[in-house]
Amino acid sequence: MATNCTDYDFLQIEPHWQKLWSDSAAFRTPAIDPSKPKYYVLDMFPYPSGAGLHLGHCENYAITDILARYQRAKGKNVLYPIGWDAFGLPTENYAVKTGRHPREVTVENVATFRRQLKAIGVSYDFEREVDTTDPRYFRWTQWIWLQLFKKGLAYVEEKPVWWCPALGTVLANEEVIDGVSEVGKHPVERRPLRQWVLRITAYAERLLSDLKLVDWPDSTKRMQEAWIGRSEGAELLFALENSALGDLKVFTTRPDTVFGVTFMVIAPEHPLVDALTTPSQREAVAAYRKQAAAKSDLERTDLAKGEKTGVWSGSFAINPANGQKIPVWIADYVIMGYGTGAIMAVPAHDDRDYAFAQKFNIPVIQVIEPDHAEGRNGNGAPKLPYTGDGRLVHSDGYSGLPWEQAKKKITADLAARGRGQATVNFKLRDWLFSRQRYWGEPFPIVWVNEADYAAAVAHAKASGASLPLPSAPVTCVIDGETRYALPVPEQSLPLQLPEVKSYQPTGTGESPLAAITEWVDIWYDAATGHAAPASGAKPAAHYVSARRETNTMPQWAGSCWYYLRYLEPKNDASIASPEALKYWGGPDIYVGGAEHAVLHLLYARFWHKVLFDLGVVPTPEPFTRLFHQGIILGEDGEKMSKSRGNVANPDDIIKSHGTDTLRLYLMFLGPLEAMKPWNPNGIEGVHRFLQKVWRECVERDTGATHPKIVDEADATPADLAKLLHETIKKVGEDIEGLRYNTAISTMMIFVNAWQKAERIARRDALAFLQLLAPFAPHLAEELWSRCGGQAIASTVGTAPWPAFDPVKLVATEQKIVVQVCGKKRAEIILPTGAPEEVVIAAAKAHSDVSAFLNGKEIKRIIYIPGKILNIVAT
RNA sequence: GCCCCCGUGGUGGAAUUGGUAGACACACGGGACUUAAAAUCCCUUGGGCGAAAGUCCGUGCCGGUUCGAGUCCGGCCGGGGGCACCA
């Protein structure tokens with residue numbers, strides 16, 4: 001079945017085998033087979049952009065393809081799928097520009113990606129493709145969302161969000177980088193809008209603690225920890241001097257410093273600002289709030305490094321620890337979104353409070369005495385602000401206590417008096433989950449008034465339909481009227497996107513969907529989900545007047561659970577059957593870029609945990625092992641980009657050197673996780689290697705098996721046989737450890753030795769081709785076929801992975817390095833396992849060693865068996 | 001500012017738990033084959049001194065631990081990533 005070319009014609013060989021794999025469905029995932037171990041290899045699925053595959057994709061997919069092919073050869077039941085994360089802004093923006101339907105653009109881009117993936121010879125099961133924009137897929141995205149809704153994890157809030165005038169849409173915090181939009185780098189501003197929000201904070205504790213269950217890069221775990229940002233401390237109540245106003249609640253991680261409080265600060269957006277502002281301060285406070293509101297986050301960030309700003313409210317609070325009267329300030333270095341939006345300021349022991357106190361001439365009271373000299377100036381006085389550890393001073397009743405102890409005691413004592421309690425705070429915010437765009441999943445929600453809600457729910461119940469209703473209804477105010485969120489029945493999913501002529505954002509903050517009146521304003525049947533345009537007659541008495549939710553879900557939605565859908569992508573009864581979920585479980589390895597270290601990977605963990613709580617999935621974590629491949633940079637060491645003109649195109653390399661060479665070279669460039677520049681010069685090296693393999697296997701001119709390859713089982717010289725078994729061992733270990741670059745160099749070493757040998761046994765040549773097969777599958781198949789491998793298995797990919805023979809690995813001799821005083825002086829060859837006395841005697845007898853021992857006294861001898869002998873002499 | 005990672009030949013990089021630094025490749029140079037070229041094969045290639053044998057130095061810099069440090073510890077310098085007034 002091999003081609004008939006006589007030299008290594010990859011342009012003929014590669015398409016030949018790709019067609020054969022495709023025609024024979026060689027990579028169709030095997031059925032569930034409890035007798036065989038499963039192995040699930042997952043790539044972060046691509047966004048099918050118009051630009052097509054780039055080298056980074058190739059690197060990512062080559063890594064997983066090698067692993068998948070290896071695990072198949074090891075006898076595992078391998079699931080290795082691919083899909084398309086196809087909702088999203090770039091496609092919609094392109095559709096807006098060209099007047100084409102985003103679906104049409106998506107279909108086209110997906111076709112390009114699929115063709116390119118096949119051209120790099122990746123062994124996906126293309127029958128399991130998922131596409132997040134396919135209604136049969138997003139039906140389940142909507143279903144999961146309804147479960148969140150039912151559990152009370154979805155709510156609506158009018159909140160200031162990032163409004164981007166240029167994109168005409170709202171952006172999530174994560175999409176705003178340095179004060180401009182991540183996509184397009186447009187300026188953004190704050191603007192209040194009605195939004196769906198997911199209560200991810202309810203899972204903060206578990207998202208943090210369950211990180212210990214997963215095998216992930218430490219840096220990624222730490223990024224998630226930092227993002228969740230757990231901090232332990234206390235909420236303390238400071239009575240206000242004007243007792244009619246009640247208490248001011250602050251969050252602090254340092255209750256031990258409460259005796260050092262010399263002022264309070266509340267955020268400009270704090271609800272008590274107006275009440276606390278005295279008439280004489282009114283003007284100044286108003287001016288300050290206006291100024292703070294006008295600042296973008298970028299400006300506030302810049303200011304973080306510089307001067308503090310603020311204004312006194314005119315009011316005072318009372319320190320619950322010592323009854324002292326302290327002024328309440330308003331300053332934007334305190335943010336409303338964290339803790340309580342109010343702090344107790346301890347300038348002696350906090351950098352920011354110190355800077356503020358310096359600027360506004362507020363007293364500084366030291367209450368922590370450093371234990372160590374580092375905290376002190378030359379004269380013994382503590383360097384202020386001092387944020388390190390120590391013992392309390394100037395703290396009535398607590399002075400002398402170590403700070404950790406004082407934290408607990410002060411918190412407990414204040415709690416006993418009803419003036420505080422220990423609490424935990426998180427930086428993690430709830431997840432802003434709606435977009436004012438067309439190209440996303442519509443929310444399966446309609447809005448109705450209170451009376452219609454009750455009627456609709458009653459009708460649905462009477463009809464036997466079950467609605468995923470939360471225990472407390474989700475409401476919002478639209479045009480002055482309270483509206484109730486009514487979920488569509490699960491059976492009526494998917495809720496499809498209506499056809500629309502213009503994808504242009506409305507510019508009002510609403511999605512383009514809001515302009516499709518006949519879809520939005522409807523008569524609605526809560527039991528069936530059936531709708532008729534409100535412009536027409538009411539179809540039946542039980543229909544209620546409703547307005548559809550016009551927001552769509554963010555791109556993250558579809559990518560939060562796609563790894564589950566691969567198990568049974570065509571299942572219309574559930575996400576996947578319990579049997580499939582139990583057998584395949586989660587991916588054994590998940591490979592993708594580190595840019596998803598927090599967002600996607602945190603969101604997907606959140607959804608997975610919700611599904612776990614619902615009993616849908618059997619595991620608490622979705623991705624047990626995670627690997628980030630490094631970015632391939634341009635030749636100039638900069639990020640590849642069109643504007644820089646440093647983009648290397650995979651298609652060009654496939655034409656000039658073949659995809660086997662491209663894959664092998666990408667893997668050979670360096671450690672997979674390292675960021676590395678593309679160096680087109682080195683590609684000749686791996687190409688030469690593959691040609692060398694060809695020449696060792698194929699006779700020149702005839703194209704038949706090379707005459708050097710013979711059938712006698714023991715034809716391979718002993719040292720080459722030993723090297724082969726070492727190579728088998730190392731390549732296997734390196735693949736499993738994702739150290740492909742050293743696996744490849746090991747294979748190169750073997751081929752260099754093979755080249756020098758007179759003969760090699762056929763089975764040994766074939767064993768080597770099996771090692772090569774995951775990396776360069778097309779060449780390996782071709783040579784397997786030409787060298788008679790079909791007597792063992794029809795394709796090299798289906799042959800069982802070669803085992804190494806440990807007996808062959810045992811050497812009869814060993815080389816021992818002899819050092820004198822730690823410096824290498826000689827090497828001696830001795831039989832393996834020679835006793836120490838023999839080694840020492842042989843070493844001393846060696847002329848290069850004795851020369852350095854001459855006239856010296858031997859103080860000590862260290863022998864590391866089989867490796868090194870160090871003689872210390874003076 | 002805080003947290004994390006990384007600094008090895010002309011280049012990409014290799015080096016189990018501390019145990020021969022520079023594997024494997026690229027590039028440069030020299031040679032063989034050839035009328036010639038390409039391809040292929042062989043040799044050299046960290047630096048200094050030396051004709052050579054050899055010898056000293058050498059993993060960003062300074063210091064430490066150790067019989068022995070690219071690897072461990074402390075302090076710098078440089079590069080990259082993440083977070084950023086989070087109380």
Side-chain angles (χ1 to χ4, degrees), chain A residues 7 178 217-227 229-231 233-234 250-254 257 265 267 297 300-306 308-309 331-335 337-346 349-353 355-356 425-429 594-595 597-598 628 630-631 637 665 668-671 673-686 688-689 691-692 695 733 737 739 741-749 751-752 755-756 815-827 848 851 859-864 866-873:
Chain A
D7 54 0
D178 292 338
D218 275 345
S219 58
T220 303
K221 284 192 185 185
R222 262 180 249 113
M223 279 167 67
Q224 292 222 344
E225 282 166 11
W227 193 265
R230 184 183 196 276
S231 57
V250 303
F251 173 72
T252 179
T253 55
R254 295 295 304 273
T257 62
V265 183
D297 259 21
R300 274 176 83 151
T301 302
D302 278 346
L303 290 166
K305 294 163 191 150
K308 294 276 178 287
T309 61
D332 66 2
Y333 82 91
V334 172
I335 49 183
Y338 184 77
T340 62
I343 63 160
M344 55 176 230
V346 185
H349 305 294
D350 181 278
D351 295 324
R352 294 146 305 176
D353 296 346
F356 193 85
N425 239 295
F426 295 94
K427 285 186 203 173
L428 185 66
R429 288 293 100 78
E595 67 273 19
V598 271
H628 298 304
I631 298 170
Y665 184 53
F668 186 63
L669 266 179
E673 65 275 16
M675 182 187 277
K676 41 203 176 282
W678 175 250
N679 174 0
N681 297 327
I683 199 162
E684 293 299 339
V686 293
R688 259 174 237 161
F689 164 68
Q691 290 199 300
K692 200 184 282 185
R695 285 195 308 271
E733 288 169 354
R739 293 180 298 267
N741 56 334
T742 51
I744 294 166
S745 62
T746 304
M747 290 190 282
M748 287 173 166
I749 291 168
V751 173
N752 287 342
Q755 191 178 27
K756 291 184 177 70
K815 185 168 69 180
I816 289 164
V817 171
V818 183
Q819 297 181 332
V820 178
C821 295
K823 286 201 172 173
K824 180 190 166 188
R825 295 301 176 187
E827 284 175 5
D848 288 349
K859 294 273 186 195
R860 198 174 158 186
I861 294 177
I862 293 112
Y863 179 53
I864 308 297
K867 273 189 181 165
I868 210 158
L869 180 78
N870 189 8
I871 303 172
V872 185

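Residue numbers begin at 1 in each chain, while the letters A, B, ... track the order of the sequences. Reckoned from all heavy atoms, side chains included, excluding hydrogens, waters and symmetry mates. This is a predicted model, so every value here is computed, not measured.
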Rounding to an integer number of Å, can you tell me how far A:Lys692 NZ sits from B:A39 P?
14 Å
When the distance from NZ of A:Lys308 to P of B:A87 is rounded to whole Å, what number comes out?
14 Å
Could you check whether the rings of A:Trp678 and A:Tyr665 sit parallel, tilted or perpendicular, using 30° and 60° as the cut-offs?
perpendicular
Is the closest side-chain heavy-atom distance between A:His628 and A:Thr220 below 4.5 Å?
yes
Verify the contact: side-chain N or O of A:Lys427 to OP1 or OP2 of B:A84, cut-off strictly under 4.0 Å; return yes or no.
no
Quantified in whole Å, what is the C1' atom distance between nucleotide B:U8 and nucleotide B:C57?
16 Å
Examine distances only and state if a side-chain atom of A:Asn870 and a backbone atom of A:Gly822 form a donor-acceptor pair shorter than 3.5 Å.
yes
For nucleotides B:G79 and B:C42, find the distance between their C1' atoms and express it as a whole number of Å.
41 Å
To the nearest 0.5 Å, how far apart are CZ in A:Phe668 and CD1 in A:Ile744?
7.0 Å
Would you indicate what A:Ser231 reaches in the nucleic acid, counting non-hydrogen atoms under 4.0 angstrom: base, sugar-phosphate, or nothing?
sugar-phosphate
With sequence neighbours excluded, tell me which residues meet side chain to side chain donor-acceptor pair (under 3.5 Å) with A:Thr340.
none
Would the base of B:C67 count as contacting A:Lys859 through its side chain, where contact means a donor and an acceptor less than 3.5 Å apart?
no
Can you tell me how far the CG atom of A:Leu869 sits from the CZ atom of A:Arg825, to the nearest 0.5 Å?
14.0 Å
How many Å lie between CD1 on A:Ile816 and C1' on B:C67, as a whole number?
17 Å
Compare side-chain N and O positions of A:Asn752 against OP1 and OP2 of B:A25 and report whether any pair is under 4.0 Å apart.
yes
Between B:A51 and B:A32 - C1' atom distance, rounded Å
27 Å
Could you state the CG-C1' distance from A:Asp350 to B:A87, rounded to the nearest angstrom?
6 Å
The answer to which of A:Phe251 and A:Cys821 contacts RNA chain B further toward the 5' end, by nearest nucleotide, is A:Cys821
Sequence neighbours left out, what passes side chain to side chain donor-acceptor pair (under 3.5 Å) with A:Gln819? Give chain and number order.
none
Pick base, sugar-phosphate or nothing for A:Arg230, based on heavy-atom distances below 4.0 Å to the nucleic acid.
nothing
Distance from A:Thr746 atom OG1 to A:Asn741 atom CG, nearest 0.5 Å?
9.5 Å
CD1-NZ distance between A:Ile816 and A:Lys867, expressed to the nearest 0.5 angstrom
12.0 Å
For nucleotides B:C83 and B:A14, find the distance between their C1' atoms and express it as a whole number of Å.
34 Å
Please tabulate, one pair per line, each protein N/O and nucleotide N/O from nucleotides 2-9 of chain B that are separated by under 3.5 Å, including the distance.
{"from": "B:C4", "atom 1": "O2'", "to": "A:Arg222", "atom 2": "NH1", "distance (Å)": "3.2"}

Closest to the A:Tyr333 side chain: B:A87, B:C85, B:A27?
B:C85
B:C85 and B:G75: how far apart are their P atoms, nearest whole angstrom?
27 Å
Do A:Arg695 and A:Gln691 come within less than 4.5 Å of each other through their side chains, counting heavy atoms only?
yes
Could you give me the CA-CA distance, side-chain angles and deciding distance for A:Met748 and A:Val686, then say whether side chain to side chain contact (heavy atoms under 4.5 Å, CB included) is met?
CA-CA 9 Å; A:Met748 287 173 166; A:Val686 293; 3.8 Å; yes
Where along nucleotides 10-23 of chain B does protein come under 4.0 Å, by heavy atom, of base (B) or sugar-phosphate alone (S), with - for untouched nucleotides?
--BSS--B-BB--B
A:Leu428 atom CG is separated from B:C83 atom P, nearest whole Å, by 14 Å
Do A:Lys692 and A:Asn752 touch side chain to side chain, with heavy atoms closer than 4.5 Å?
yes
Counting only side-chain heavy atoms from C-beta out, which of B:C67, B:C85, B:U40 sits nearest to A:Arg860?
B:C67
With no hydrogens and no angle check, is any side-chain donor or acceptor of A:Arg429 less than 3.5 Å from a backbone partner on A:Gly337?
yes
Donor-acceptor under 3.5 Å (A:Lys676 side chain, A:Pro671 main chain):
yes
Syn or anti for B:G9, with syn set at within 90° of 0?
syn
Pairing pattern in dot-bracket form [Watson-Crick, G-U; both distances under 3.5 Å; | = partner strand] for RNA chain B:
(((((((..(((......[....)))..((((.......))))..((((....))))..(((((..]....))))))))))))....
Work out how far the C1' atom of B:U59 is from that of B:G18, and round it to whole angstrom.
15 Å
Give me the distances for all protein-to-nucleotides 69-73 of chain B N/O pairs that come in under 3.5 Å?
none

If we take the P atom in both B:U11 and B:G60, what is their distance in whole Å?
13 Å
Measure from CD1 on A:Ile861 to P on B:C67 and round the result to the nearest Å.
15 Å
Do A:Tyr333 and A:Ile343 touch side chain to side chain, with heavy atoms closer than 4.5 Å?
yes
Using a 4.0 Å heavy-atom cut-off, does A:Asn425 contact any base of the nucleic acid, only the sugar-phosphate backbone, or nothing at all?
nothing
Using a heavy-atom cut-off of under 4.0 Å over every strand shown, decide if A:Lys756 touches base, sugar-phosphate, or nothing.
sugar-phosphate
Nearest-angstrom distance from the residue atom CD of A:Glu225 to C1' of B:A84
17 Å
What interatomic distance, in whole Å, is found between C1' of B:A21 and the corresponding atom of B:A69?
11 Å
Rounded to whole angstroms, how far apart are NE2 on A:His628 and P on B:G82?
12 Å
What distance separates A:Asp332 CG from A:Lys308 NZ, expressed to the nearest 0.5 Å?
9.0 Å
